[in-house]
Amino acid sequence: MRGKRALVTGSVAGLGHAIAASLAAAGADVMLHGLEPPQVARAAADRLARETGARVLLSRADLTDVGQIEAMMAQAEEELGGIDILVNNAVVRHFAPVDQLRTEQWNEALAVNLSAAFHAVRLSLPGMRERGWGRIVNMSSVYGAGATPDRIAYITTKTALIGMTRAIAIETARTGVTCNALMPGTVPTPPIVERIAGIAASRGISEAEAASDYLRARQPTGRFVAMESVAAMAMLLCSTAGADITGAMLPVDGGWTAA
């Protein structure tokens, strides 16, 4: 990855940070992105730079605002010299039945989970085409291949990302640019850990018991998908070994979709 420039949205913490850290450790310069408090975000960027020796920038762009997305991409162009690797990872989740989901929640999910990915691709693709090399990784989900109650916005946007991935892959097939979608199962990101803690509290059981029940109902392995496993798959797609993988939907889900 030495000499490559990467932007990973939603990467101050959690899965996005694991992917960004893998890219930085392999030699890429990285722009982190997230809306965590400034001191938290800056500490994460400084720590990653110190641990990897990579150049690490930080953006706190609000992905519901196209102007802020454009400013983030302009910053990457000016300070990094462009984007070679784009990982669209940022996500919001709202849990509600279809008829109870608020309009503003639906609109936010469309903006962050889907439209922001489109705009980031739209703005980074010309440079990738000019250089004859680029890697786009869209973070979908196992819910891009199935459904469950009370997640209408999340399921809709993660499914739409797969269609977007296919369209971009076909348009860029002869340019040296690849576009793929990863479909993780349940990863121990902060929102998932908090959700399991809430389930434990509501049922009066331990968090370990709640996690076991939660995972048993989803992943045949019965355990969380490691963030490092998803990051490793992203690294494969971004490496020379990934040159002929494009338009693919790749589950990293402990057997969830197979079951």
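For the numbers below, each heavy atom of this structure counts, side chains included, while hydrogens, waters and symmetry mates do not.
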Verify, without hydrogens or angle tests, whether T172 (side chain) and T178 (backbone) share a donor-acceptor contact under 3.5 angstrom.
no
Do D84 side-chain atoms and G134 backbone N/O form a donor-acceptor pair below 3.5 Å?
no
Nearest heavy-atom approach of R122 to E70 is NH2-OE2, 3.3 Å
Write down the atom of C238, the atom of V137, and the distance for their closest heavy-atom approach.
SG-CG2, 4.3 Å
Is a donor on one side and an acceptor on the other found under 3.5 Å between the side chain of E209 and the backbone of S206?
yes
With a cut-off of under 6.0 Å to the ring centre and 45° to the axis, is R195 in cation-pi contact with Y214?
no
Atom CD1 of residue position I170 - does it have more than 12 heavy atoms of other residues, nucleotides or ligands inside 6.0 Å?
no
Taking I136 as the starting point, is it possible to reach M139 by hopping between hydrophobic residues whose side chains are less than 4.5 Å apart?
no
Under a 3.5 Å distance rule, please check whether S140 uses its side chain to pair with a backbone N or O of L182 as donor and acceptor.
no
Got a donor-acceptor contact below 3.5 angstrom from the H33 side chain to the A61 backbone?
yes
Go through the steps to decide whether V12 and L58 satisfy the test side chain to side chain contact (heavy atoms under 4.5 Å, CB included), and finish with yes or no.
CA-CA 9 Å; V12 168; L58 176 64; 4.2 Å; yes
Could you tell me whether a side-chain N or O of N89 sits under 3.5 Å from a main-chain N or O of G10, the two making a donor and an acceptor?
yes
With the threshold set at 4.0 Å, does a side-chain nitrogen-carboxylate oxygen contact exist between R5 and E79?
no
Taking T165 for the side chain and L161 for the main chain, is one N or O donor matched with an acceptor at less than 3.5 Å?
yes
Sub-3.5 Å donor-acceptor pair from the side chain of S202 to the main-chain atoms of I199, do we have one?
yes
Are K158 and V91 side-chain neighbours, meaning at least one heavy-atom pair lies under 4.5 Å?
yes
Does L80 offer a backbone N or O that forms a donor-acceptor pair with the side chain of D29 under 3.5 Å?
no
Using a strict 4.0 Å threshold on nitrogen-to-oxygen distance, state whether R50 and D46 make a salt bridge.
no
Using the rule that two of Ile, Leu, Val, Met, Phe, Trp, Tyr join whenever any of their side-chain heavy atoms come within less than 4.5 Å, decide whether V8 and M227 are in one cluster.
yes
I'd like to know if the side chain of D253 and the backbone of Q219 have a donor-acceptor N/O pair within less than 3.5 Å.
no
Would the number of heavy atoms belonging to other residues, nucleotides or ligands and lying under 6.0 Å from CZ of R218 be above 12?
yes
